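These numbers come from a predicted model, not from an experiment. Below, chains carry the letters A, B, ... as their sequence lines are ordered, and counting in each starts from 1.
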Amino acid sequence: MIIDQEISRKMDALREHLPTEQSLLLPLLHEMQAKAGWISVEAIKEAAAYLKLPPARVQEVVSFYTMYNRKPVGQKHVQVCTNVACFLRGADKLVEGLEKRLGIHCGQTTADGKYTLNEVECLAACGTAPVMQINDDYYENLSDSVLKDIMDKLDRELSHGPS
Amino acid sequence: MVQVEKLLTQHNDVEGSHTIDVYRSLGGYKALEKALAMTPESIVDEVKKSNLRGRGGAGFPTGMKWSFMPKAPTFPDGRPKPKYLVCNADEGEPGTFKDRLLMTKHPHMLIEGMIVAAHAIGASRGFIYIRGEFVFETKRVEDAIVEARKMGLLGTKVSGTDWSFDLVVYRGAGAYICGEETALLNSLEGKRGEPRLKPPFPAMVGAFGMPTCVNNVETFCAVPTIINDGAAKFASVGTERSGGTRLFCVSGEIEKPGVYELPINVNLNDLIAHCGGVLGGKKLKAVIPGGASAPMLSAAETDVAMDFDSLAKAGTMAGSGGVIVISEDTCIVEVAARLLKFYEHESCGQCSQCREGSHWLARMFHRIEIGQGTEADLNAIAGICSNMAGQTICAFSDAVTGPALSSVRKFRHEFEEHVRLKRCPCKPEGHVPKHDHHASATL
Ligand SMILES: Cc1cc2nc3c(=O)[nH]c(=O)nc-3n(C[C@H](O)[C@H](O)[C@H](O)COP(=O)(O)O)c2cc1C
Ligand code: FES
């Protein structure tokens, strides 16, 4: 079970502002993913039961939106924007560098489960391109050296816990 | 020299501008006070007179949109129907990043604009739909809502009147199409973000079936200054048909990228110069003037005013205000291929013309870019586009044709060279494209 008291409380608070039960679906899935890391078939059934929706309704929503992970992701989900503004500012080189450093291709997760790498579309931060998002945080104005510092820091955090 | 007149972002650098105390100390929420003493009709009139046009992309006159909302809608049994107000903060159009700035620095300006708008159209609830990736911005706006509620500016009996209005933030989940307003409404209802057939228009059947008005973040943020300083002042900037300043998002190969608030009809050449010119002093090749969907302008076409009508006359569009600068060193075919891959990924798939068309175009452009395209590919592009634009439920497929047609029409020689040489002339000979963008998996 992923939906705990805290998630339930959040849904109750939202219910006051949203006119239908189904409209709780996106927020509920966000909360479930924040806790479990991804949306499994079991999670879909659980969300459906919670909102009294047919599981197919939930499934079709989960598959529509790219932010819902339908596979487990690493502890750090690295998403590099390769849309035009970032491309014009060298995003491809960053992706290459990350692939080399992590030893994986885009769409893959490292064997130790620490990192997942993905290309994403415009993150609406084009003025500070190139840009990536790792979990909830944006990293902007990236260069090889800035990227290296960020990744070194994450490596340390993952092996020792946050400083 | 461009004339710098800021109406929205003059306090960008004020410490704590996002908090209610600082916002109020700078004159914030005075417009609300004033608006609550006005009749809804006179607010709508004032906004009409300001010549404010929607900043989300289509440039629809805001006052007119508000006036389309039914005055006292009822259910068949006679009970009054609620009316809703929605803020489009999906900010998905590649090259656009102004709503992010507004929500980060001035969330109360957005909230104040929304309360005034809600009063003008008689809405009882408001929803702010923010793209899911904006975790920080979401928190900013949510915190600001809590502050406003504490001050009695939101909730039951707004500011001591007998009108109630409250706001809630709704997070998207990664789908460009949810920026299209009817897709957004479906998403807000907890559904797949597929655009709806119009009519009925949202003003009649919108969110949860109720009459709904949807506006962009920047549109709402322009409302407080219009009410405070009067429509005439706002309308005195810009053109007769398009008033005020606009937040231009300048990115790509430009010396000083960023958000620039300037008169809406600033000349594109002046805007580029204002941003320090092309990166590294290179020569300009092309500009995408209004977000990814806007047809490209070649360097010879940049002596143009940036307002909606002037850009439409120039065969492109002002769209979302995203200005992407491209230098002579960049391969236009690769830029176009990149954009088409984006559209292929983001087509919601409802309409076959769009689903198949964006897929074919992405394949073709990719093929041409890597030197496997043919003259026949080049000749097929216009035909595919003519089967897309205007043929579908929403304007997404029109958007796809923007970069596709303009790049081939204006830079045909570059495409032909790719075909003739069987490789990208901008890359060293023997270059293997490292990234097959079509192979990169999504989760
Ligand atoms: C494919 C597509 C994507 C869109 N994306 C956005 C967006 O991200 N943000 C936005 O405000 N409007 C977007 N729009 C425009 C909206 O449909 C709508 O016109 C706008 O939100 C209305 O607000 P306004 O009148 O204040 O401009 C998009 C339209 C289309 C066709
Ligand atoms: S193109 Fe990368 S953030 Fe917009």
Does B/E334 come within less than 4.0 Å of B/R338, counting only side-chain N to carboxylate O? yes
Applying a strict 4.5 Å limit to non-hydrogen atoms, the region of B/F208 in contact with chain A is side chain
Out of A/L18, A/V58, A/L25, A/D137, which one racks up the most heavy-atom pairs below 4.5 Å with chain B? A/L18
Which donor-acceptor pairs under 3.5 Å do side chains of residues 253-260 of chain B form with protein atoms, sequence neighbours excluded?
{"residue": "B/E253", "atom": "OE1", "partner": "B/S327", "partner atom": "N", "Å": "2.9"}
{"residue": "B/E253", "atom": "OE1", "partner": "B/T330", "partner atom": "OG1", "Å": "2.6"}
{"residue": "B/E253", "atom": "OE2", "partner": "B/S327", "partner atom": "OG", "Å": "2.8"}
{"residue": "B/E253", "atom": "OE2", "partner": "B/T330", "partner atom": "OG1", "Å": "3.3"}
{"residue": "B/E255", "atom": "OE2", "partner": "B/G280", "partner atom": "N", "Å": "2.8"}
{"residue": "B/Y260", "atom": "OH", "partner": "B/K256", "partner atom": "O", "Å": "2.5"}

Polar contact flag, side-chain donor to acceptor under 3.5 angstrom, B/S124-B/Y84: no
Contacting region of B/F127 [heavy-atom separation from chain A under 4.5 Å]: side chain
Are side-chain N/O atoms of B/E261 and B/T9 paired as donor and acceptor at under 3.5 Å? yes
Can you tell me which of B/E346, B/R125, B/E91 forms the most heavy-atom pairs within a distance under 4.5 Å of chain A? B/R125
Ranked by heavy-atom pairs below 4.5 Å to chain A, first place among B/G92, B/A173, B/G190 goes to B/A173
So that I can tick it off, tell me whether B/R100 and B/E137 are bridged by a salt bridge, with the cut-off set at under 4.0 angstrom between side-chain N and carboxylate O. yes
Of B/S187, B/A175, B/A292, B/C249, the largest count of non-hydrogen pairs under 4.5 angstrom with chain A goes to B/S187
Max heavy-atom pairs within cutoff under 4.5 Å with chain A, candidates B/G193, B/G95, B/G172, goes to B/G193
Proximity breakdown for A/A129 and chain B, heavy-atom pairs closer than 4.5 Å: neither
B/A399: what forms a side chain to side chain contact (heavy atoms under 4.5 Å, CB included) with it, not counting sequence neighbours? B/S293, B/Y343
Please list all pairs passing the ring-ring contact (aromatic ring centres under 6.0 Å, His included) test where one or both residues lie in residues 114-152 of chain A, with sequence neighbours left out. none
B/T156 and B/S164: side chain donor to acceptor below 3.5 Å: no
Considering only heavy atoms, give the residues of residues 30-57 of chain A separated from chain B by less than 4.5 Å, sorted numerically, with 'none' for an empty result. A/H30
Does NZ or CZ of B/R131 come closer than 6.0 Å to the centre of the six-membered ring of B/F134, within 45° of the ring's axis? yes
Region of B/R171 in contact with chain A, defined by heavy-atom distances below 4.5 Å: both
Would a 4.5 Å heavy-atom cut-off, applied to side chains only, mark B/V323 and B/L271 as touching? yes
Heavy-atom cut-off 4.5 Å, strictly under: side chain, backbone, both or neither for A/Q133 against chain B? side chain
Any Lys/Arg nitrogen of B/E328 or B/K282 sitting under 4.0 Å from an Asp/Glu carboxylate oxygen of the other? no
